[in-house]
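Below: one structure, written as structure tokens.
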Protein chains: 2
Amino acid sequence: MLGVKHTLGYSGPVSTDPPRQKRATIIDVAREAGVSRGTVSRVINGERYVSSEAEAAIKAAISKVGYRPNVAARNLVMQRSQAVALVVHEPASLFAEDPNIGAIMLGANAALSAADYQMVLLIVDSERDTERVSRYLSGSYADGVIMVSARTHDPITRVIEKIGLPATFVGHPPDVTQMAFVGIDNRASARAITERLVATGRSRIGMIAAALDRDSGADRLAGFRDALGDRFDANLVEAVPLYEFASGVTAMQELLRREPQIDGVFAASDAVAAGAMNALRSAGRSIPQDVGIVGFDDSTWALRTKPQLSTVHQPAQGLGAAAAASVLSQLHGETPPAGGVLLDTPVVWRGSA
Amino acid sequence: MLGVKHTLGYSGPVSTDPPRQKRATIIDVAREAGVSRGTVSRVINGERYVSSEAEAAIKAAISKVGYRPNVAARNLVMQRSQAVALVVHEPASLFAEDPNIGAIMLGANAALSAADYQMVLLIVDSERDTERVSRYLSGSYADGVIMVSARTHDPITRVIEKIGLPATFVGHPPDVTQMAFVGIDNRASARAITERLVATGRSRIGMIAAALDRDSGADRLAGFRDALGDRFDANLVEAVPLYEFASGVTAMQELLRREPQIDGVFAASDAVAAGAMNALRSAGRSIPQDVGIVGFDDSTWALRTKPQLSTVHQPAQGLGAAAAASVLSQLHGETPPAGGVLLDTPVVWRGSA
DNA sequence: ATGAAAGCGCTAACAA
DNA sequence: TTGTTAGCGCTTTCAT
């Protein structure tokens, strides 16, 4: 029966607790209050047409017997779960380092919470996870899903499409065109901050590109190119696989080797920029006098560097909130905007360039 | 017993069904395969006593009708969810900055995943969250719970106790003594690294203490004191409320003001140490020549500083894994060790001292 | 080895 | 306004 051995399991060596009895059900409440199940259900769900005497009796009975609704039963009959899954598909190391992901989660949680939905975070960190998360999603555990950093040809995306689960992507993989998404205009943002860097009078401007296999990475490079036009020099671009500090260090070293005269750098993320700044300082370059450097994200990294980083503000929390709102609207039967939702990304100018 | 019996039985799809296709159920599979519901259920759950012909027919039928088990129904009858909740109760800002929390999540997820359990992350970020998470936990959504950074007098802890949900705490608030927990020996670890610092010949050793209202913070200070014995000087201890970079900067400035001769510092966390290093460098002190500094956590901070930080390795991922193992063992009816589980915390000696 | 049927706890449609 | 009852989809005896 329900959880009996669990209770015995952790009541400790000197157990003073009685064995946990069966959980009170709606029937216990009904009997205690002298009414029928139906009436109890009405009170629980706040419906009209309940006499105040009945309501009072039922409320008293509920606290007397310690009744807690069983959501599995409710979900079964209601065909919903009042929960939205947030699937994070990232390599383990990045998860801990990427500040965006935390902010997205927080933003989504706040928005879902306000609508009385439970956010359920699912981490995909292995093949096994992929399969289990797919099962979870197809098991009616969640009414909708927010996908963060989905990959191209993601099996989970396939499952979502197949079962028709309301979904919103944060950023969108190229092979997902039919589904709702929220994001930022990486290309325009990259162009804007590069132009700003150009305007400071730098003449040899390079870029540390990252994650070119994702649209965010590719678009940031494209925006950089847009801004430079004819002055774009492929030799001044160094690409690294991930948005991480360590890559920034090595990439900057490489760039310095290839072009010692470099006087401006656009790093594809703040973490990368922080690494690059380390390398620049080790090479004896002062910032921003010798080299101006700008980043992307406006994460906590940007405030830790010295001088602080000029960067593109990425509204991570807003993205989470917008994604949640999008899923919620789909749950209410609305159709999300076809082109997705793009949030503003103001340039934040600090001391590094 | 209410004595009301009613005939249950499959009434079939009603002829008035709109074109909307309903999800395939076990009954559709049974009909397709020409067997009974019971047999289908046996195949799904991999039980013995099923003929291979029946099994083949059922498997074919499952994929033909696109059957996916409905977990709400299964949970209802099985009285379990095959999911474990991980409750994180942190101020929003810390969540994004604290690398431990991510590692704990990853470790727990890996362990639960291996046991085929789903980890469900619940963030508590407001009053409303507290209430909803409590409801979630009491709603049979999760078979057990891992509590991270619970506070003293946490309402969620109350709920867990009340409903007797198998639980394990990562670290333990003082008012939780009956429940399982995993953690590290902060006091012994702090003592060990301070002794190591003393052994390098430093004579004026100070500490930047943090979070003294939590056991981790208080224990680290106690360990520092243990190591110094008679040489402990309260004037060389500066306390800050949180484990954060910015606090490290200001605390170090204060310490330098009070004792310019200071030549050794134990910071209560790597983030604090990183801040302190910034302040030391601004004050013209070289590390480790003028001042030796050590931290605590062995987080990503420790590798970002220059020189890299000597610190106490906190096995965050291991803590997550151990917590998961503890919950899982309770789920199997075992009693967790009374004193909790303490993980090793080796001192990692790098260049900062 | 398989089928029949009794519920798990709840909501909602229908009667009264 | 309230009671009665038919399921939601599934597992699990109990027969056979």
Side-chain angles (χ1 to χ4, degrees), chain A residues 1-4 22-31 33-58 62 65-82 135 138-141, chain B residues 1-14 16-17 22-31 33-58 62 65-82 135 138-141:
Chain A
M1 262 307 148
L2 178 64
V4 166
K22 247 181 93 155
R23 265 172 76 135
T25 75
I26 202 172
I27 293 185
D28 299 315
V29 175
R31 188 171 30 211
V35 297
S36 75
R37 308 209 281 290
T39 306
V40 175
S41 177
R42 276 169 212 124
V43 168
I44 293 169
N45 296 293
E47 276 171 46
R48 300 151 307 187
Y49 303 133
V50 180
S51 66
S52 41
E53 309 91 75
E55 186 174 341
I58 289 167
I62 285 177
V65 304
Y67 169 76
R68 303 265 177 180
N70 178 319
V71 286
R74 170 182 272 145
N75 289 350
L76 179 58
V77 65
M78 305 272 287
Q79 307 282 22
R80 59 151 181 70
S81 66
Q82 202 72 8
R135 275 208 319 272
S138 15
S140 309
Y141 264 114
Chain B
M1 196 58 213
L2 293 193
V4 179
K5 305 206 169 190
H6 50 265
T7 318
L8 290 176
Y10 184 54
S11 55
V14 193
T16 59
D17 248 11
K22 294 193 65 168
R23 256 174 85 133
T25 75
I26 202 172
I27 293 183
D28 301 314
V29 175
R31 188 173 31 210
V35 296
S36 76
R37 308 210 281 289
T39 307
V40 175
S41 177
R42 276 166 210 127
V43 168
I44 292 169
N45 296 293
E47 276 171 45
R48 302 150 305 187
Y49 304 132
V50 180
S51 68
S52 41
E53 308 91 74
E55 186 174 341
I58 289 166
I62 285 177
V65 303
Y67 169 76
R68 302 267 177 178
N70 178 318
V71 287
R74 171 183 270 142
N75 290 350
L76 179 58
V77 65
M78 305 271 287
Q79 304 286 10
R80 60 153 181 68
S81 66
Q82 203 71 7
R135 274 207 320 271
S138 11
S140 310
Y141 264 114

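Per chain, numbering begins at 1; letters A, B, ... match sequence-line order.
In this structure, the CZ atom of B/R23 is 9 Å from the P atom of D/dG9, given to the nearest Å. For the pair A/R74 CZ and C/dC8 C1', the interatomic distance rounds to 16 Å; values are reported in whole Å. Between the P atom of D/dT1 and the CD atom of A/E55 lies a distance of 11 Å, rounded to the nearest Å. Distance A/Y141 OH to D/dC10 P: 13 Å, rounded to the nearest Å. Taking atom CG on A/D28 and atom P on C/dC8, their separation rounds to 11 Å, with Å as the unit. Distance, B/R80 CZ to C/dC8 C1': 13 Å, rounded to whole Å. Distance CD1 (B/I27) to C1' (C/dA5): 12 Å, rounded to an integer number of Å. Between A/R31 atom CZ and D/dG3 atom P there is a gap of 15 Å when expressed in whole angstrom units.
Checking the phosphate oxygens (OP1, OP2) of C/dA1, no side-chain nitrogen or oxygen of B/T39 falls inside 4.0 Å. OP1 or OP2 of D/dT11 sits under 4.0 Å from a side-chain N or O of B/N45. For the OP1/OP2 pair of D/dG3 and a distance below 4.0 Å, the side-chain nitrogens and oxygens of A/Y49 include no atom meeting the criterion. For D/dT2, the OP1/OP2 oxygens have no side-chain nitrogen or oxygen of A/S36 closer than 4.0 Å.
Set against D/dC10, D/dG7, D/dG3, the side chain of B/P69 has D/dC10 as its closest nucleotide. You'll find that the side chain of A/T25 is closest to C/dC10, out of D/dC10, D/dC8, C/dC10. Ranking C/dA12, D/dT12, D/dT2 by closeness to the A/S51 side chain, first place goes to D/dT2. Nearest to the side chain of B/M78, among D/dT2, C/dC10, D/dT12, sits D/dT12. Closest approach to the A/I26 side chain among C/dT11, D/dT12, D/dT1 is made by C/dT11 (side chain taken as heavy atoms from C-beta onward). Each of D/dC8, C/dC14, C/dC8 was ranked by its minimum atom distance to the side chain of A/Q79; first place goes to D/dC8. The side chain of B/R37 lies closest to C/dA5, out of C/dC10, C/dA5, C/dG3.
Nearest heavy atom pair, residue A/S81 against residue B/Y141, reads O-OH, 2.5 Å.
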(message) Run B/T25 and B/N70 through side chain to side chain contact (heavy atoms under 4.5 Å, CB included) and show every step you take.
(response) CA-CA 8 Å; B/T25 75; B/N70 178 318; over 6 Å; no

(request) Given side chain to side chain contact (heavy atoms under 4.5 Å, CB included), test A/I44 with A/Y67 step by step and report yes or no. (result) CA-CA 11 Å; A/I44 293 169; A/Y67 169 76; 3.6 Å; yes

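For the pair B/V29 and B/V43, the minimum side-chain heavy-atom distance is 4.5 Å or more.
Within 4.0 Å of A/A54, counting heavy atoms only, lie sugar-phosphate atoms of the nucleic acid but no base atom. Across all strands shown, A/V35 has heavy atoms under 4.0 Å from sugar-phosphate atoms exclusively, and none from any base.
Applying the salt bridge (charged side-chain N to carboxylate O under 4.0 Å, His left out) test to every pair with at least one member in residues 42-56 of chain A, sequence neighbours left out, gives these pairs: A/E55-A/K59.
One N or O on the side chain of A/R23 and one on the backbone of A/R68 form a donor-acceptor pair closer than 3.5 Å.
Residue B/G34 is the one, among B/V77 and B/G34, whose nearest nucleotide of DNA chain C lies closer to the 5' end (criterion: closest heavy atom).
If you check distances only, the side chain of B/R42 does reach the base of D/dT13 with a donor-acceptor pair under 3.5 Å.
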